[in-house]
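All remarks here apply to the structure that follows.
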2 protein chains.
Amino acid sequence: MIRSVLERVGDKWSVAVVCQLGESTYRFNELRRLVSPITQRMLSATLRGLERDGLVSRTVHPTSPPRVDYALTGRGRSLLVVLRDLAGWAEAHAEEIGSSRAEFDQREA
Amino acid sequence: MIRSVLERVGDKWSVAVVCQLGESTYRFNELRRLVSPITQRMLSATLRGLERDGLVSRTVHPTSPPRVDYALTGRGRSLLVVLRDLAGWAEAHAEEIGSSRAEFDQREA
DNA sequence: CCGCATCCAAAACGATACTG
DNA sequence: CAGTATCGTTTTGGATGCGG
């Protein structure tokens with residue numbers, strides 16, 4: 001069960017989308033541009049998954065042309081907090097991890 | 001760059017192995033049993049990835065039969081802290097996410 | 001503008017067999 | 001015991017075209 005929750009969190013696009021929606025609410029094609037280079041298909045699938053887990057809300061405005069807004073729910077915002085810690089860790093250690101990788105690859109070449 | 005670090009974190013087996021190594025140091029087949037049902041192939045690949053990033057150390061004892069111990073490095077332990085927060089969030093929200101999923105799946109059936 | 005359906009290539013994964 | 005190699009299967013992801 002917990003593993004199935006972590007699988008969603010572990011999805012690279014889900015993380016990117018949640019972080020982006022932390023900034024503001026967006027429309028479909030706005031998101032598409034912002035979390036580029038995500039494809040339409042993946043964005044669509046990602047949003048449906050996040051909506052299913054109650055992390056993102058989807059609001060359809062019955063106008064013409066149609067307009068759909070996506071936003072973080074309360075639960076989504078609580079995840080965002082944890083995610084930012086993780087992103088912080090990644091950023092803080094990115095450089096030294098890069099060195100480790102280079103060194104490691106060197107040794108076996 | 002940061003994304004490439006998050007990809008490792010996002011890997012379900014890497015997370016499981018790091019959490020397990022948080023308990024103690026282990027040998028290959030001990031790990032295999034503990035983070036089951038991981039396959040030999042996946043454990044091997046996961047450990048190499050973690051070692052490459054300097055998160056796990058690999059110590060070979062030249063005995064017969066051979067013995068190899070895996071342990072978290074300091075960097076690995078710093079990741080463990082963040083990972084535990086994440087796991088805590090997942091655990092805390094697992095139930096309500098389960099409900100959301102069931103409800104969502106209901107609506108479209 | 002939003003987003004689903006189809007087709008196709010590429011990569012991940014599991015099972016099994018084999019080596020030092 | 002601790003892995004590597006190979007094979008076949010399943011999953012994933014991108015490109016494209018169509019419909020509300």
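Here the structure is a predicted model, which means the values were calculated and not measured. No hydrogens, no waters, no symmetry mates; every other heavy atom, side chains included, goes into these values. Just so we're on the same page: letters track the sequence lines, and every chain starts at 1.
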Rounded to whole Å, CG of B:D69 lies from C1' of D:dG3 at a distance of 15 Å

Determine the contact category for B:R32: base if any of its heavy atoms lies under 4.0 Å from a base atom, sugar-phosphate if only primed atoms, P, OP1 or OP2 are that close, otherwise nothing. nothing

A:R27 (side chain) donor-acceptor with A:Y70 (main chain) under 3.5 angstrom: no

Can you tell me the distance, in whole Å, between the CZ atom of B:R67 and the P atom of D:dG3? 12 Å

To the nearest angstrom, the OH-P distance between B:Y70 and D:dA2 comes to 8 Å

Inter-axis angle, terminal five-pair segments of the helix from C:dC1-D:dG20 to C:dG20-D:dC1 [nearest 10°]: 40°

Locate the shortest heavy-atom distance separating A:L6 from B:A90; write the atom from each residue and the value. CD2-CB, 4.1 Å

Heavy-atom donor-acceptor pair, B:R67 side chain to B:P62 backbone, under 3.5 Å: no

What distance do B:S99 atom OG and A:D53 atom CG have between them, rounded to the nearest 0.5 Å? 11.5 Å

Provide the start and end nucleotides, 5' to 3', of the part of DNA chain C that has atoms under 4.0 Å from heavy atoms of chain B. C:dC13 to C:dG20

Quick check: are there more than 12 heavy atoms from other residues, nucleotides or ligands sitting under 6.0 Å from CD of A:E108? yes

Counting just side-chain N and O atoms, does B:Y26 come under 4.0 Å of either OP1 or OP2 of D:dA2? no

B:F28 CZ to D:dC1 C1', straight-line distance once rounded to whole Å: 10 Å

Mind checking what makes salt bridge (Lys or Arg N to Asp or Glu O under 4.0 Å) contact with A:R107, not counting sequence neighbours? A:E103

If you assign B:S44 and B:R33 each to the DNA chain D nucleotide with the nearest heavy atom, which residue ends up on the more 5' nucleotide? B:R33

Donor-acceptor side-chain pairing of A:R101 and B:S4 below 3.5 angstrom: yes

Tell me, please, which residues at least two apart from B:S100 pass side chain to side chain contact (heavy atoms under 4.5 Å, CB included). A:R75

Rounding to an integer number of Å, can you tell me how far B:L31 CG sits from D:dA2 P? 9 Å

Is B:E96 atom CD crowded by more than 12 heavy atoms from other residues, nucleotides or ligands, each under 6.0 Å away? yes

With the 4.5 Å side-chain cut-off for hydrophobic clustering, are A:F104 and B:L50 part of the same group? no

What does the B/S/- profile of nucleotides 6-20 of chain D look like, 5' to 3', with a 4.0 Å heavy-atom cutoff to protein? B------BBB-B--B

My understanding is that only residues two or more places apart in sequence, or in another chain, count here; which of them pass side chain to side chain contact (heavy atoms under 4.5 Å, CB included) with B:Q20? B:E23, B:Y26, B:L31, B:L34, B:V35

